[in-house]
Peer 1: 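Got a structure for you, questions after.
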Amino acid sequence: MIQRLLALLKEFSDNVIRVKTIHARIIVEGLYTQQPLAHRLVRIYSDLGILQYARHVFDKTSHPETPLCNAMISGYVRNERFTEALDLFKLMRSRCLEIDSYSCNFALKACTALSDSQTGMDIIKFSINRGFRNEFLGSSIITFLVKLGNVNEAREVFDHLPERDIVCWNAMISGYVRAGKFNEACDLFIKMQRCGVKPSPVTMASLVQLCEGFQSLRLGKSVHGSTFNRQVDGDVRVMTSLVNMYSRLGDIASAFQVFNSMPVRNLVSWNAMISGYIQNGFIREAFALFQELVKDSCRCFDSGTIVSLLHACALRVDLEGGKVIHGCMYRMGYELSIILSTALVDLYLKCNALELALRVFDRMQDRNVITWTAMMVGLAQNGRAGEALKLFRQMQEEGVVANPVTLVSLIHACTHFGTPRKGMSVHAHILRRNIDFSSVNVTALIDMYAKCGKIDYADRVLRFCPVQKDVILWNSLIAGFGMHGFGGRALAAYHKMIDEGIKPEESTFVSVLTACNHSGLVKEGAELFYSMETDHNIRPGQKLYACFVDLLSRAGRLGEAKDLIQQMPFEPDSSVFEALLNGCQVHKNVDLGVRAAGRLLQLDIANPGIYVMLSNIYARARKWDQVEYVRGLMRQRGLMKTPGFSLVEIGETVHTFFAGNNSHPNWPEIEELLDTLRLEVEALGYAADTSCVLRNVDEPMKVKLLWGHSERLAIAFALLSTPAGSSIRITKNLRVCIDCHNVTKHISQVVKREIVVRDANRFHHFVNGRCSCNDYW
DNA sequence: ATAGGGTTAG
């Protein structure tokens, strides 16, 4: 009877309905106590992906023995249900069932997938104690250690293995490749051949990855060539790694060519091609390929497919698509996978669905550094940097160790505070923990200090960090100087960089030119612009032309700017015309301004900024009916001007002020203080410059409007709420007007305080009635 | 009664 049922199961193992019928007979006959039958069923159901049935059979068996438990564990692992696999393994131990090397092997695989180092190390110790030393476990241990980042320990294990077959060699070689130790990988490959072990297809796959590691398309192509005349030709694994190599090195056409010529494809190859498309920006092609994949119902998709699709939705900021995939994940039980839930959290964050992201994050049972980092970045980008830092503390309490990406993200989050205090504590953390300063870390620090108003700290970080200085690092310092109105120091830094033999990039010139711009260094900027092509062989692109047009037109050289645009070797984009339009606004050139605005509106009709600048130009020329006409157009097209506001942080709360808004609870005091200040600065010789009030009202009204600007309200409130002598920091979303700049300068003298105003463009730094940037406008 | 190497997250 049992033999007959077993034979039937074997024969119909891929037919769900027949299997269920046989299953029903087993129940009726009460044969679950016969473990070979239960074992077969568990195996079949998990191969079919119906894990709840497999588990049902398992639970109905009164005293499951080791083979049955092993089948169940391997079923879980093969279906990527790693947590459940480990739970079962723990159950075996607590019931004192015999644990063999097979159980250990699968449990270890689960630990590798979950990055569960503690359980994994326990299992390794356990299996050494029991004397399990076969090459199966050996290669799994190597893979596990590599995944945790302990390549050297893995090598130790490798060297002490009593038997080493080709799989062990492969595990070790690919381990070196994954750890970025490419030379070691090469050495080991040579040693393997010396030992008389012939490379297998998987060895070739690792070699292909090695070429990717060396970033060498040429090398990759020659390895590709060498796969034709071996027995590895057409191997799925080799060809899949070729697809990966080509798409990561940017040669998507070759990647597709390989994919297309594959005699056999599996899910991994489909996933590789889909994610290759996504990484190269071909999102539509990726989704088309996915549709082709699921069209054929026997080829279902797996977690790898879902990761790529989540990534694609994140790139497209496609919240609805993401929710559909989330539903799929839920049904397939994939929510338990760290990788998938992390990708999901990331997706929700990129779509600004903070609450959804937090809900997934809170529900996760296992979270690793990447999960925590993704969550912190998301919070910071949504303006909740304080919570991001709290999360950092919580992460450390849970014993998760920060990595370089975490630190960079954290430093980046601190730039959102506008004050360097929190950023300094992260800096201190790096110093305390003796973490290596990578140039990426240092760049983030420089950027943070510059954006938090401490340009001198940024300078000092660069000077005293023993780190290889690259272009990006210099760029951030140059940009920092520019932001603070120190055009001269930006230029000096640029020349120092050239002296140190670093090749500038286009972005370097953007930073230097912007710095010249903020300080009115027209001659120096022009020299640099023209030296780009002659001295450094860099052709200026859109961005640079925009910078240079900005520099010329802000200096009033509108004719030159116009000529430059006409001589451009390619069609100018909107940023170039925007720069010109802005110059026309400052220098009251109505004709050119109207023409620039016309070109801009052809390119982007829904940009409110263009309408605002155009109406400002008309207002400066006192053409009030035209002003009304432009404003009417805006209303008609449903466009809104971005309202200007200023922020000031007092203690833990941020106070927001809008122009002319008197709804703040402390309004009476603010108004009174502003009146006193006005008298005092006027005594120092300040006279209102009403040219920036672009409204058709009389002079006293213009002055009244100026004194209602949001930055003045914020400054007055800050003066009232902070101790005498302390410095004041204001952040404004738009640009500060010339009169506010001047009045703040005088205020800094009257109240004897340092005042730092950060606007959309740069920092205004006032102390003792002086400004650090020679008042260039 | 049975296994290991190639892909996918910040």
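In the text below, chain A, chain B and the rest are named by the order of the sequence lines, each starting its count at 1. This one's a predicted model, so the numbers in the text were calculated from it and none came from an experiment.
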Peer 1: Rounded off to whole Å, could you give me the CG-to-C1' distance for the A:D100 and B:dA3 pair?
Peer 2: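 Atom CG in A:D100 sits about 10 Å away from atom C1' in B:dA3.
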Peer 1: Can you list, in residue-number order, the parts of residues 144-164 of chain A that come under 4.0 Å of DNA chain B, counting heavy atoms only?
Peer 2: none
Peer 1: From the options B:dG10, B:dA9, B:dG6, select the nucleotide whose nearest atom is closest to the side chain of A:N403.
Peer 2: B:dG10
Peer 1: What's the closest nucleotide to the side chain of A:V167 if the choices are B:dA9, B:dG4, B:dG6?
Peer 2: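 Closest of the options to the side chain of A:V167: B:dG4.
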Peer 1: Side chain of A:H39, heavy atoms from C-beta onward: which of B:dA1, B:dA9, B:dG6 has the nearest atom to it?
Peer 2: B:dA1
Peer 1: Could you check whether A:W169 and A:F158 have their ring centres less than 6.0 Å apart?
Peer 2: yes
Peer 1: When you measure from the side-chain N and O atoms of A:S206 to the phosphate of B:dG6, is any distance below 4.0 Å, counting only OP1 and OP2?
Peer 2: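 For B:dG6, OP1/OP2 do not have a side-chain N/O of A:S206 under 4.0 Å.
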Peer 1: What nucleotide among B:dG10, B:dA3, B:dG6 has an atom nearest to a side-chain atom of A:S101?
Peer 2: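 Looking only at side-chain atoms, A:S101 lies closest to B:dA3.
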Peer 1: Starting the side chain at C-beta, find the nucleotide from B:dG6, B:dA9, B:dG4 nearest to A:E135.
Peer 2: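 The listed nucleotide nearest to A:E135's side chain is B:dG4.
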Peer 1: Hey, what's the ring geometry for A:Y53 with A:Y45, parallel, tilted or perpendicular (30° and 60° as the breaks)?
Peer 2: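 Ring orientation, 0 to 90° scale: perpendicular.
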Peer 1: Closest approach to the side chain of A:I339, judged atom by atom: which nucleotide of B:dG5, B:dA9, B:dG6 is it?
Peer 2: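 Nearest nucleotide to the side chain: B:dA9.
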Peer 1: Within 45 degrees of the axis of the six-membered ring of A:F287 and under 6.0 Å from its centre: does A:R316 put its NZ or CZ there?
Peer 2: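 Cation-pi check for A:R316 and A:F287: passes.
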Peer 1: Could you tell me whether A:N368 contacts a base, only the sugar-phosphate backbone, or nothing, with contacts defined as non-hydrogen atoms closer than 4.0 Å?
Peer 2: base
Peer 1: Ignoring hydrogens and angles, are the base of B:dA1 and the side chain of A:N70 linked by a donor-acceptor pair under 3.5 Å?
Peer 2: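 Counting by modelled atom types and ignoring angles, no donor-acceptor contact under 3.5 Å is found here.
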Peer 1: Hey, does A:S241 reach any base, or is it just sugar-phosphate, or nothing, if we go heavy atoms under 4.0 Å?
Peer 2: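 No contact.
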Peer 1: Nearest whole angstrom, please: distance from the P of B:dG4 to the CZ of A:R78.
Peer 2: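 After rounding, the gap between these two atoms is 8 Å.
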Peer 1: Write down the distance between CD1 (A:I141) and C1' (B:dA3), rounded to a whole number of angstrom.
Peer 2: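 Between C1' of B:dA3 and CD1 of A:I141: 13 Å.
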Peer 1: Out of B:dG5, B:dG10, B:dA9, which has the shortest distance to the side chain of A:A171?
Peer 2: B:dG5
Peer 1: When the distance from CD1 of A:I123 to P of B:dA3 is rounded to whole Å, what number comes out?
Peer 2: 19 Å
Peer 1: Considering only B:dG10, B:dG5, B:dG4, which nucleotide approaches the side chain of A:A374 most closely?
Peer 2: B:dG10
Peer 1: Whether the side chain of A:S140 and the base of B:dA3 hold a donor-acceptor pair under 3.5 Å is what I'd like checked.
Peer 2: no
Peer 1: Which part of the nucleic acid does A:V268 contact within heavy-atom distance under 4.0 Å: base, sugar-phosphate only, or nothing?
Peer 2: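 Base contact - A:V268 has a heavy atom under 4.0 Å of at least one base atom.
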Peer 1: May I ask you to check whether A:T143 and A:S140 show a side-chain donor-acceptor distance below 3.5 Å?
Peer 2: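 No - no donor-acceptor pair under 3.5 Å links their side chains.
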Peer 1: What is the distance, rounded to the nearest whole Å, between atom CG of A:N271 and atom P of B:dA9?
Peer 2: 11 Å
Peer 1: With distance as the sole criterion, do the side chain of A:S200 and the base of B:dG5 form a donor-acceptor contact below 3.5 Å?
Peer 2: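 Yes.
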Peer 1: Is the closest side-chain donor-acceptor distance between A:D100 and A:T66 under 3.5 Å?
Peer 2: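 A:T66 and A:D100 do not have a side-chain donor-acceptor pair below 3.5 Å.
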Peer 1: Checking A:T119 against A:D122: is there a side-chain donor and acceptor pair closer than 3.5 Å?
Peer 2: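 Result is no, nothing qualifies.
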Peer 1: Between B:dA9, B:dG6, B:dG4, spot the one nearest the side chain of A:S139, thanks.
Peer 2: B:dG4
Peer 1: Checking A:F392 against A:W372 for the ring-ring contact (aromatic ring centres under 6.0 Å, His included) test, could you report, in this order, the C-alpha distance in whole Å, the side-chain angles of both residues, the deciding distance, and whether it holds?
Peer 2: CA-CA 8 Å; A:F392 180 55; A:W372 286 96; 9.7 Å; no
Peer 1: When you check the phosphate oxygens OP1 and OP2 of B:dA1, does a side-chain N or O of A:Q35 lie under 4.0 Å from one of them?
Peer 2: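 No, no such contact exists.
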Peer 1: Roughly how far, to the nearest 0.5 Å, is the SG atom of A:C69 from the CZ atom of A:F58?
Peer 2: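 One gets 4.0 Å once the value is rounded to the nearest 0.5 Å.
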Peer 1: Taking the minimum atom-to-atom distance to the side chain of A:N170, which one of B:dG4, B:dG5, B:dG10 wins?
Peer 2: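 Out of B:dG4, B:dG5, B:dG10, the nucleotide with an atom closest to A:N170's side chain is B:dG5.
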Peer 1: Rounded to the nearest Å, what distance is computed from the CG atom of residue A:L210 to the P atom of nucleotide B:dG5?
Peer 2: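 Whole-Å distance recorded here is 20 Å.
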Peer 1: When the aromatic ring centroids of A:F259 and A:W270 are compared, is their separation below 6.0 Å?
Peer 2: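 Distance test on ring centres: under 6.0 Å, yes.
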Peer 1: Using atom CZ of A:R43 as one end and atom P of B:dA3 as the other, report the distance to the nearest whole Å.
Peer 2: 7 Å
Peer 1: Whole Å only: how far is the CZ atom of A:F106 from the P atom of B:dA3?
Peer 2: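 So the two atoms are 7 Å apart, to the nearest Å.
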Peer 1: Verify the stacking flag for A:F136 against B:dG4: centroid separation must be under 5.5 angstrom and the ring planes must differ by under 30 degrees.
Peer 2: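 No.
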Peer 1: Between the base of B:dG4 and the side chain of A:N134, is there a donor-acceptor distance below 3.5 Å?
Peer 2: no
